[in-house]
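Reading through the structure tokens given below for one structure.
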Amino acid sequence: METTETTLFQLRWLIEAGADETIGAEPRNRYQESAKKASPTSSPHAAPKAGPHAPPKTEPRLATQPSATAPAAPAAPETGSAHSLADAAKNLEELREALLLFEGCPLKETANLVFADGNPKAKVMLIGEAPGAEEDRQGLPFVGPSGKLLDRMLAAIGLDRRSVYISNVLFWRPPGNRTPTPAEISACLPFVERHIELVDPEILVLLGGPAAKTLMGRNDGIMKLRGKWFEYESRGMSRPVPTIASFHPAYLLRSPIQKRAAWADFLAVQAKLRGNA
Ligand code: URA
């Protein structure tokens, strides 16, 4: 087959398989792109447009990229400002506002902020991975299919959204629901840590590998991390928080055989809440 024919064949195959969107692995900042198009450089007083006689075009620089002449920028400026923004938040509303101002996570250019749901005074705080399509639409965590399963798991131990508080390690949906990158997770981490400090739960439940690894500071997989109590500590917390990891409900939907282990984890949470563990 000719290359064009092969490409067309592959495209047709993808369309028939249900693909209705093309996306890249990295989010594109389309707001910035359209702002650039609409910028005053297109006005009658603008600098000459690129053309055969135009001066050589220099690549636009992000504020955080080191320039040839400027002194080297700090290694992770976004994280630095994330820390100061997050630490300055005195309550959950201020933390939410700080996230709206935060420019260090490009995901926010392609998705809506999904901050939290449930009762901020709850004893139990659950932290998942990242919002999906339905969460992005509604601006609330765990409202799609995995959220429905999570609600059933909570109900099985006598809890619901009035008695727990729910958030994620990422506050914006990664394009196409891909796995969050380490850079995205560390950009959001200061906010997640502050979130936990402000909620000050009695028990923390981490759903899935990314949340467990990030907040337990471990490299092991979820199979190894789940079902064991661990103490979460951070600079701003007066005491360590008993923490347990379990399987992510989305994984349980794909691998129902693991529901038995997740059930044991949730029973451990119930026993801890009742003071029997
Ligand atoms: N999966 C998550 O980890 N979080 C959500 O909010 C939804 C799905």
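Position 1 is the first residue of the sequence; numbering continues from there. One-based numbering, in listed order, for ligands and for the atoms of each.
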| Donor-acceptor contact below 3.5 Å, side chain Glu184 vs main chain Thr181 | yes

Can you tell whether the side chains of [X] and [Y] come within less than 4.0 Å, N to carboxylate O?
X	Y	answer
Asp220	Lys213	no
Arg173	Glu129	no
Asp87	Arg194	no

| Closest heavy-atom pair and its distance - Lys148, Val143 | NZ-O, 2.9 Å

| field | Distance flag, aromatic centroids of Phe142 and His248, threshold under 6.0 Å | value | yes

Tabulating one pair per line, provide the atom names and distances (0.1 Å) for every N/O atom of ligand 1 that is less than 3.5 Å from a protein N/O atom.
residue: ligand 1; atom: 1 (N); partner: Ala130; partner atom: O; Å: 3.3
residue: ligand 1; atom: 1 (N); partner: His248; partner atom: NE2; Å: 3.2
residue: ligand 1; atom: 3 (O); partner: Glu129; partner atom: N; Å: 2.7
residue: ligand 1; atom: 3 (O); partner: Ala130; partner atom: N; Å: 3.2
residue: ligand 1; atom: 3 (O); partner: Asn168; partner atom: OD1; Å: 3.3
residue: ligand 1; atom: 3 (O); partner: His248; partner atom: NE2; Å: 2.6
residue: ligand 1; atom: 4 (N); partner: Ala130; partner atom: O; Å: 3.1
residue: ligand 1; atom: 4 (N); partner: Asn168; partner atom: OD1; Å: 2.8
residue: ligand 1; atom: 4 (N); partner: Asn168; partner atom: ND2; Å: 3.4
residue: ligand 1; atom: 6 (O); partner: Phe142; partner atom: N; Å: 2.9
residue: ligand 1; atom: 6 (O); partner: Asn168; partner atom: ND2; Å: 2.9

